[in-house]
Amino acid sequence: MSFPLLTATAALPALGAVATAAVPAARRTAAKWLALLVSVGTLVLAAIQLVRFEPGGARYQLTESHAWIKDFGVRYELGVDGIGVALIGLTALLIPFIIAAGWHDADPLETHSSRWRPTQGFFALILAVEAMVVLSFESTDVFLFYILFEAMLIPMYFLIGGFGDRAHSQGDEAAATQRSYAAVKFLLYNLVGGLIMLAAVIGLYVVAGSFSLNEIAQARAGGTLHMATGTERLLFLGFFFAFAVKAPLWPLHTWLPNAMGEATAPVAVLITAVVDKVGTFAMLRFCLQLFPEASKWATPVIVVLAVISIIYGALLAVGQRDIKRLVAYASISHFGFIIMGIFAMTSQGQSGATLYMVNHGISTAALMLVAGFLISRRGSRLISDYGGVQKVAPVLAGTFLVGGLATLSLPGLAPFVSEFLVLVGTFSRYPVAGVVATLGIVLAALYVLVLYQRTMTGPVKAEVQGMPDLKVRELLVVAPLIALLVFLGVYPKPLTDIVNPAVRQTMSDVHKKDPNPAVEAAK
């Protein structure tokens, strides 16, 4: 039997989480290094997946399949396509940076020793989330995916509620209450979505007699599986609702600004750059593949909701006074672009959406982590508390600017390629939506440049006069992310070569072809 690479990639962080949590209380530094080494090992396994994956090969590769709950037809069934392997790579890449950036976020507070934070638990929870996210990208059994989709809420709840933004909430009971509110809101929204999805999962089994994506696809292709139109639409809505909450899509988005605002900066990155990608990924893998006709039926409404998300998120980002909430609303706008690209039903749109998932993860990580370093120095998230930072901490200001420029999709940086493809793919089928969505680009330039101008330029405020520049550890976190933004912005081909075959398969699932370009006849 061949080496179970997919299982190993998820099992390593899961075992690492247990080992990290078991480190003695006095050995906090050892727990940190163990978590970091486990995350680097997971990155190595993810890189091996990328190397072994053949873009022109079978749809699902490196497959594993074992009986799990025989009486209900549930199997432990794994496989990766180009989209899944790219997102596993993104997850494994970001986790070491998240751990390094949060190196001191769970250390005991010297001034509040009675409120000791379990450092080991903080890093163990991050590794547990990584394990579940990786396995969800690998799962080709619907029931297995559902279990992971719900289970990852538990460690995320404790990361948000138990390890909030120290710079904002130290010694502040009201802030602790806000943190608890954000954690509960995150949990309730996602649990409601998950419960609706559970009903749809059960309905799918009743109709198809299987939870296996491969078996359902074979039955559909062989003509032995027929879903009534109404049934397929109801099942689609059950799945899509859960994924739209996770993504998040307007109007199901309101938990995200609270969660990102109250969490530490590394945990905020974990939420929007890693966990939320499970929602958009699942739209491609499950909604479009399992319910192709219902996906086409719902497309016009979903595209409208995506455009609303783009404009609404960008407008609220413009008016924010809180740095982290600004990034949160910007992410809502970006997720609107991703969902619009998925449901544009064009190869350019879906390729762009997949690239956007990866590029948004890198750019948001760069911007939010630098913002976290900035906030930890000043002890405030309010934009008005800053000014003139570039004069006292030029490297911090420079990296913050590059992260912001990537967020607004500046040509030459990675998000530009994906945003351009999404807009081209959308415009070719839904020109009005494509035109309106371009307003999001204008608003992005406004909120990013105003944020930089208010925090980094102008007279140096007394409170930031002695602010130190980025330290070596912080530079080691930010520099690779910026290098990746530049590399993938100039040369995205390695990524497009991996995802494009999977996009073609998805287009085939929904029986869609790219619209022919309208060329005016020569007179």
Side-chain angles (χ1 to χ4, degrees), residues 101-102 104-105 107 109-112 160 163-179 181-182 256-269 271-272 313-331 364-405 407-408 443-471 474 477-478:
H104 298 298
D105 284 357
D107 288 346
L109 294 168
E110 294 179 359
T111 56
H112 295 81
I160 297 168
F163 299 92
D165 188 345
R166 175 179 299 182
H168 176 66
S169 61
Q170 184 171 343
D172 188 341
E173 293 301 326
T177 301
Q178 292 173 6
R179 187 170 67 245
Y181 170 78
L256 183 64
N258 296 100
M260 288 185 65
E262 299 304 324
T264 65
V267 172
V269 172
I271 294 169
T272 190
L315 283 172
L316 265 65
V318 171
Q320 288 303 306
R321 297 180 297 171
D322 182 310
I323 296 174
K324 290 168 71 175
R325 289 179 69 91
L326 185 152
V327 178
Y329 279 109
S331 291
T364 299
L367 180 61
M368 179 59 86
L369 292 180
V370 178
F373 298 149
L374 178 69
I375 292 167
S376 66
R377 284 160 165 76
R378 174 66 179 84
S380 173
R381 302 188 328 227
L382 296 179
I383 297 172
S384 58
D385 286 342
Y386 297 86
V389 174
Q390 67 180 11
K391 296 177 182 177
V392 296
V395 178
L396 188 155
T399 53
F400 190 79
L401 177 61
V402 175
L405 293 176
T407 298
L408 64 82
L443 293 172
L446 180 61
Y447 61 70
V448 167
L449 296 179
V450 168
L451 171 65
Y452 184 84
Q453 182 266 330
R454 291 180 178 174
T455 56
M456 302 296 167
T457 66
V460 180
K461 288 198 173 183
E463 294 82 0
V464 303
Q465 186 68 53
M467 180 178 288
D469 213 335
L470 291 184
K471 301 174 183 178
E474 295 166 336
V477 169
V478 177

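Keep in mind that the numbers below use all heavy atoms, side chains included, and drop hydrogens, waters and symmetry copies. It should be emphasised that the depicted structure is a prediction, and the values quoted were computed from it without experimental measurement.
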How about Glu262 and Arg381: do any of their side-chain heavy atoms sit closer than 4.5 Å? yes
Inter-residue atom distance Leu451.CG - Gln320.CD, 0.5 Å rounding: 11.0 Å
Euclidean distance, Arg454 CZ relative to Asp385 CG, rounded to 0.5 Å: 13.0 Å
Show the nearest heavy-atom pair for residues Pro257 and Ala328, with the distance to one decimal. CA-CB, 3.8 Å
Quick one: pull up OH in Tyr447 and CG in Leu408 and give me the separation to the nearest 0.5 Å. 7.5 Å
Please walk me through it: do Tyr386 and Ile375 pass side-chain contact (heavy atoms from CB on, under 4.5 Å)? CA-CA 10 Å; Tyr386 297 86; Ile375 292 167; 3.9 Å; yes
Between Gly387 and Val464 the two heavy atoms that sit nearest each other are O-CG2, 3.3 Å
Would the distance check show the side chain of Arg377 and the main-chain N or O of Gly466 forming a donor-acceptor pair, the cut-off being under 3.5 Å? no
Check: Phe400 and Val389 side chains under 4.5 Å, non-hydrogen atoms: no
Nearest heavy atoms of Val460 and Gly388, plus distance in Å: CG2-O, 3.5 Å
Is Asp105 close to Val267 at the side-chain level, that is, under 4.5 Å between some pair of heavy atoms? no
Which atom pair, heavy atoms only, marks the closest approach of Ala101 to Pro266? C-CG, 3.9 Å
Run Leu369 and Glu474 through side-chain contact (heavy atoms from CB on, under 4.5 Å) and show every step you take. CA-CA 9 Å; Leu369 292 180; Glu474 295 166 336; over 6 Å; no
Side chains of Val478 and Val395: closer than 4.5 Å at any heavy-atom pair? no
Any chance CZ of Arg378 has more than 12 other-residue heavy atoms, nucleotides or ligands included, within less than 6.0 Å? yes
Drop me the distance from Leu367's CG to Leu405's CG, to the nearest 0.5 angstrom. 10.0 Å
List the steps and the verdict of side-chain contact (heavy atoms from CB on, under 4.5 Å) for Asn258 and Tyr181. CA-CA 8 Å; Asn258 296 100; Tyr181 170 78; 3.9 Å; yes
Looking only at heavy atoms, which two atoms of Ala317 and Ala330 are closest? And how far apart? CB-N, 4.1 Å
Hey, are the side chains of Thr399 and Phe373 touching, using non-hydrogen atoms and a 4.5 Å cut-off? no
Using only atom types and a distance under 3.5 Å, with no angle test, would you say the side chain of Lys461 pairs donor to acceptor with the backbone of Ser384? yes
Quick one: do the Tyr452 and Gln390 side chains pair a donor with an acceptor below 3.5 Å? yes
Could you tell me the separation between the CD1 atom of Ile271 and the CD1 atom of Ile160, rounded to the nearest 0.5 Å? 4.0 Å
side-chain contact (heavy atoms from CB on, under 4.5 Å) between Val392 and Gln465, intermediate numbers included: CA-CA 7 Å; Val392 296; Gln465 186 68 53; 4.3 Å; yes
Find out whether Val318 and Val450 are in side-chain contact, i.e. whether some heavy atom of one side chain is under 4.5 Å from a heavy atom of the other. no
Do the non-hydrogen side-chain atoms of Leu396 and Met456 ever get within less than 4.5 Å of each other? yes
Mind checking whether Val327 and Met260 have side chains closer than 4.5 Å, heavy atoms only? yes
Approximate separation, where rounding is to 0.5 Å, of Ile323 CD1 and Leu326 CG: 8.5 Å
